[in-house]
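This report refers to the structure that appears directly beneath it.
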Amino acid sequence: MHRILKHLFTTARALRRTFPPAVLDQVEAAIANSETRHGGEIQFAIESSLGLKALLGGVTAREQAVRAFADLKVWDTEQNSGVLVYVLLSEQRIEIVADRGYAGRVSDQQWQIVCADMQRAFAEGRFANGAIEAVEAISTLVEAHFPGTPDDVDERPNRPVLL
């Protein structure tokens, strides 16, 4: 019941208050800047809450992140180098879903460290900084395995998506 209440009271308005256009602009700029240094594609998605059907069905933040990864077509990159950062605001949960190009290269533990650091920043109310620091940490991981080349094409939108 507690989970349902958190979701009911975390509205789209709360999302816009936490991630106003100025913060989205900063995150977008950080992603665009980072992608000049590597061949990966970073997509940022923020969802205020899950619907009642998903909640009653027991959908987890991870399951929703995987669904968003597919729906946003983050997997659709030439090098299989897409990374989704998914934020479920109502639960202050952060999930990273990485494409198959990272398998055997970046461990789940490495992604979890980025998530934990971002969750700490969010808990302190540092949403812009936490998101930008996460983009930088992800970029460091991506750069090690997908170095940038002069002919890299930006394959995914850099603007965070509000779901």
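By convention here, the first residue in the shown sequence is residue 1.
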Separation of Arg105 CZ from Arg100 CZ (nearest 0.5 Å): 12.0 Å

Beyond-backbone contact of Gln110 with Val114, side-chain heavy atoms, under 4.5 angstrom: no

Minimum side-chain heavy-atom gap Val153-Glu78 below 4.5 Å: no

Arg37 bridged to Glu35 by N-O distance under 4.0 Å: no

Cluster check Ile42, Leu162: I/L/V/M/F/W/Y, side chain < 4.5 angstrom: yes

Student check: side-chain heavy atoms of Pro147 and His38 closer than 4.5 Å: no

Connected via hydrophobic side-chain network under 4.5 Å: Leu50 and Leu8: yes

From Val161, Val85, Leu88, Leu24, residue fulfilling side-chain contact (heavy atoms from CB on, under 4.5 Å) relative to Ile46: Leu24

From CZ (Phe146) to CG (Asp99), nearest 0.5 Å: 8.0 Å

Beyond-backbone contact of Ile96 with Leu84, side-chain heavy atoms, under 4.5 angstrom: no

Shared hydrophobic cluster, Val27 / Leu15 (ILVMFWY, side-chain heavy atoms < 4.5 Å): yes

Cationic N near anionic O, under 4.0 Å, Arg159 to Asp25: yes

Trace of the side-chain contact (heavy atoms from CB on, under 4.5 Å) decision for Thr11 with Arg16: CA-CA 9 Å; Thr11 63; Arg16 288 189 304 273; over 6 Å; no

Flag, side chain of Glu41 to backbone of Arg156, donor-acceptor distance under 3.5 Å: yes

Close side-chain approach of Arg126 and Glu133, heavy atoms under 4.5 Å: yes

Val97 side chain reached by Val74 side chain, heavy atoms, under 4.5 Å: no

side-chain contact (heavy atoms from CB on, under 4.5 Å) assessment of Trp111 paired with Val106: CA-CA 7 Å; Trp111 296 125; Val106 179; 3.3 Å; yes

Short side-chain donor-acceptor distance under 3.5 Å, Ser90 and Ser49: no

Note, Leu55 side chain near Arg3 side chain (heavy atom, < 4.5 Å): yes

Value rounded to 0.5 Å, distance of CD in Glu155 from OG in Ser81: 6.0 Å

Residues Asn80, Tyr102; criterion side-chain contact (heavy atoms from CB on, under 4.5 Å); working and verdict: CA-CA 8 Å; Asn80 300 315; Tyr102 296 97; over 6 Å; no

Hydrophobic cluster membership, Ile94 vs Val135, 4.5 Å side-chain cutoff: yes

From Glu124 atom CD to Gln119 atom CD, the distance as rounded to the nearest 0.5 Å: 12.5 Å

Carboxylate-amine/guanidinium contact Lys6 Glu91, below 4.0 Å: no

Cationic tip of Arg93 above Phe122 ring, under 6.0 Å, 45° of axis: no

Side-chain heavy-atom pair His145, Leu141 within 4.5 angstrom cut-off: no

Hydrophobic cluster identity match, Phe19 and Leu163, side-chain contacts under 4.5 Å: no

Closest non-hydrogen atom pair, Ser34 against Glu136: CB-OE2, 4.3 Å

Exercise: identify the closest heavy-atom pair between Ala121 and Gly130: CB-CA, 3.5 Å

Separation between CD of Gln43 and CG of Asp76, rounded to the nearest 0.5 Å: 11.5 Å

Rounded distance (nearest 0.5 Å) linking atom CD of Gln92 with atom OG1 of Thr10: 9.0 Å

Closest approach of Gln79 to Gly39 (non-hydrogen atoms, all atoms of both residues): NE2-O, 3.7 Å

Ring centroid separation Tyr86 to Phe69 under 6.0 Å: no

Verdict with reasoning, Gln64 to Thr60, per side-chain contact (heavy atoms from CB on, under 4.5 Å): CA-CA 6 Å; Gln64 192 67 6; Thr60 65; over 6 Å; no

